[in-house]
There are 2 protein chains.
Amino acid sequence: MDPIYRTDRATLYAGDALSILPTLPADSVDLVLVDPPYNSGGRTMSDRTTYSARDKYVSGDAATAQTLADFAGDNRDQRSYTYWLTRQLAESLRTAREGASCLVFTDWRQLPATSDALQAAGWTWRGIITWHKPVARPRQGGFTAACEYVLWGAHGPIDGRRNPVYLPGLYSASQPRGKKRRHITQKPIELLAELVKVAPPGGTVLDWCAGSGSTGVAALGSGRRFIGAEVTAAYAAIAAERLAEAEASD
Amino acid sequence: MDPIYRTDRATLYAGDALSILPTLPADSVDLVLVDPPYNSGGRTMSDRTTYSARDKYVSGDAATAQTLADFAGDNRDQRSYTYWLTRQLAESLRTAREGASCLVFTDWRQLPATSDALQAAGWTWRGIITWHKPVARPRQGGFTAACEYVLWGAHGPIDGRRNPVYLPGLYSASQPRGKKRRHITQKPIELLAELVKVAPPGGTVLDWCAGSGSTGVAALGSGRRFIGAEVTAAYAAIAAERLAEAEASD
DNA sequence: CCTCTCGATGAATCCATCT
DNA sequence: AAGATGGATTCATCGAGAG
């Protein structure tokens, strides 16, 4: 499959992860950084399967005000989520260099299933990075869901001297708002720019859930190379546009 | 079994949780707040089983300088940890009022197993509270394990109007040091004092892994009642002493 | 350019009502 | 009786616009 965007430092495919991953060379990637659909909104099966991701996650007035496109793949139950994620992560492992890392975003509800998938795919689980969102909806009589999590896995032992960074285990950052927001579940660039530091400078970052391309923007901005894939055509186009902007602004 | 400490507001037993829980009345507890042994130090089976908890968790000079007593129950593998915790949490559920909460401390490694046990025991999983430890050992080439986690479960629906608090999902607090430290894995009082707020004022807090009694100190200091149990005799004595101090200082 | 006020927002959740 | 639907709720934070 031909990429829809390609330069020396960045490649972006519009397509499914499982059709693109096998075409990548083995032992070539330094960091797999993905934000898969969490598949966790809604209490009942029909909540999960019937509604679109937008109806599930964008609430109140915002639901009518927002003009962001919907995204695909948010309709699996927990078993199939685990199965699906395991396959993708196993394919990713093949492309990863010895000592490479894997970072997977998840919410509290899917954290255990995500850790199962990470390990079943052959990665060694190394820890949890906590992302604190300062703006969270309060909850009467209990605790707010103020954090999302990033599971950290590694392909074999990590040689600390190869990339001697000391990274924190907690980050606080707000979701992009207003004009900067191009995707319903967009992650803040500051956060991604920090996560990308587990890959050595000049190393390659892979994201097969590219969405609006934030991971790529962060990778390029931090002096890493980027390979991305995104299924939803509308978002792939936005991602290509943002990658071009990022490279132009260097 | 007779308590080793008893007042109007606090009761402490020196003994195993499973011999004490069945003696407590049903539907009487508003919050079960426990910090079970994580059973996760050491990578190999023999690390877990051979070494004492003190050797695993107290490193370097601290191990020789400190004279903290060892604690029991830190030698299970993950399967038996889940099984053991499920039994304890199921017994706890019986003592819990409708709408009561359960908070269980865990580290990242045991988080999935702990969520399994919580749900297998019949509690509804409601979220994860993150405890950030500002002073954590850095790790070359990767992310620091800067956080521990508290899993939140509930016994049936929570009536927010009964205890209309709005609690955050992230707390930052340092482990007690120096003379204030009476237990190897002691939790900060400030943190426990916040967690205890999910129980209504005057409500009852139960901790069957009382350790040096911090949960009781926090509960009494925040105007809640306390029921505790601790297996290790040395710690039960310390806990009784600290409960008495807490009640005297009111 | 900085400070202040004002208003909009949230990878939700709860509950009553309807099918 | 169980599942589906729709509307109300909540406040710390952040962006925008005014002073």
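Protein chains get the first letters and strands the later ones, always in sequence-line order, with residue 1 at the start of each.
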- Note on the structure: In DNA chain C, consecutive runs of at least three Watson-Crick or G-U pairs below 3.5 Å, as range with range, amount to C:2-10 with D:11-19, C:12-19 with D:2-9

- Between OH of A/Y81 and C1' of C/dA11 the distance, given in whole Å, is 12 Å

- Message: I need the minimum non-hydrogen distance between A/S214 and A/K187, along with the two atoms involved.
- Response: OG-O, 3.9 Å

- Message: Just to be sure I understand the rule, does A/T144 reach a base, reach only the sugar-phosphate, or reach nothing, if contact means heavy atoms closer than 4.0 Å?
- Response: nothing

- Message: Over all strands shown, is A/P36 touching base, sugar-phosphate only, or nothing at heavy-atom distances under 4.0 angstrom?
- Response: base

- Task: Give a yes or no on whether the backbone of B/F143 and the side-chain of A/W152 come within a donor-acceptor separation of less than 3.5 Å.
- Result: no

- Message: Would you measure the distance from the P atom in D/dG6 across to the matching atom in C/dA11 and give it in whole Å?
- Response: 23 Å

- Matching residue for B/D30 among B/R224, B/K197, B/R162 - test: salt bridge (Lys or Arg N to Asp or Glu O under 4.0 Å): B/R162

- Is there a donor-acceptor pair under 3.5 Å between the side chain of B/R94 and the backbone N or O of B/L24? yes

- Given C/dA11, is OP1 or OP2 found less than 4.0 Å from the side-chain N or O atoms of A/Q175? yes

- Message: Evaluate A/T185 against A/F71 for side-chain contact (heavy atoms from CB on, under 4.5 Å), listing each step before the verdict.
- Response: CA-CA 9 Å; A/T185 67; A/F71 64 88; 3.8 Å; yes

- Gap between atoms OH and C1', on A/Y38 and C/dA11 respectively (whole Å): 6 Å

- 5'-most contact on DNA chain D (nearest-nucleotide basis), A/V135 vs A/Q140, goes to A/Q140

- Query: Could you state the NZ-P distance from A/K179 to D/dA16, rounded to the nearest angstrom?
  - Reply: 7 Å

- Message: Between P on D/dT10 and CD1 on B/I158, what's the gap in Å once rounded to a whole number?
- Response: 16 Å

- Base, sugar-phosphate alone, or nothing: which one does A/P37 contact when heavy atoms must sit under 4.0 Å apart? base

- Note on the structure: Separation of D/dC11 atom P from B/L167 atom CG, nearest Å, is 12 Å

- Should we count CZ of A/R97 as having more than 12 external heavy atoms under 6.0 Å? yes

- Which part of the nucleic acid, if any, lies within contact of A/F105, taking any heavy atom under 4.0 Å across all strands shown: a base, the sugar-phosphate backbone alone, or nothing? nothing

- Task: Please answer whether the main-chain N or O of B/L167 pairs with a side-chain N or O of A/T144 as donor and acceptor at a distance below 3.5 Å.
- Result: yes

- Task: Tell me, please, which residues at least two apart from A/R177 pass salt bridge (Lys or Arg N to Asp or Glu O under 4.0 Å).
- Result: none

- Query: Are A/S174 and D/dC14 close enough that a side-chain N or O sits under 4.0 Å from OP1 or OP2?
  - Reply: yes

- Message: Using whole Å, what does the distance between atom C1' of nucleotide C/dA11 and atom CG of A/L111 come to?
- Response: 14 Å

- Message: Check this one for me: any side-chain N or O of A/K133 less than 4.0 Å away from OP1 or OP2 of C/dA11?
- Response: yes

- Would you tell me if any nitrogen or oxygen in the side chain of A/R177 comes within less than 4.0 Å of OP1 or OP2 on D/dA12? no

- Across the strands shown, which category fits A/D35 at heavy-atom distances under 4.0 angstrom: base, sugar-phosphate, nothing? base

- Task: Using a 4.0 Å heavy-atom cut-off across all strands, classify A/P138 as base, sugar-phosphate, or nothing.
- Result: base

- Does A/Y57 lie flat on the base of C/dA12, that is, centres under 5.5 Å apart and planes under 30° off? no

- Could you tell me whether A/K187 contacts a base, only the sugar-phosphate backbone, or nothing, with contacts defined as non-hydrogen atoms closer than 4.0 Å? base

- Item | Between P of C/dC14 and CZ of A/R137, the distance in whole Å | 12 Å

- Item | N-O pairing of A/R242 and A/E245 below 4.0 Å | no

- Query: So, is A/R139 close to the C/dC14 phosphate, meaning a side-chain N or O under 4.0 Å from OP1 or OP2?
  - Reply: yes

- Message: With a 4.0 Å cutoff (strictly under), does any side-chain N or O of A/R181 reach OP1 or OP2 of C/dG10?
- Response: yes

- Item | Candidates C/dT13, C/dC14, C/dA11 - which lies nearest the side chain of B/R126 | C/dC14

- Can you tell me how far P of C/dG10 sits from NE2 of A/H132, to the nearest Å? 17 Å

- Query: Pick the nucleotide of DNA chain D nearest each of B/Y166 and A/G178; which residue has the one closer to the 5' end?
  - Reply: B/Y166

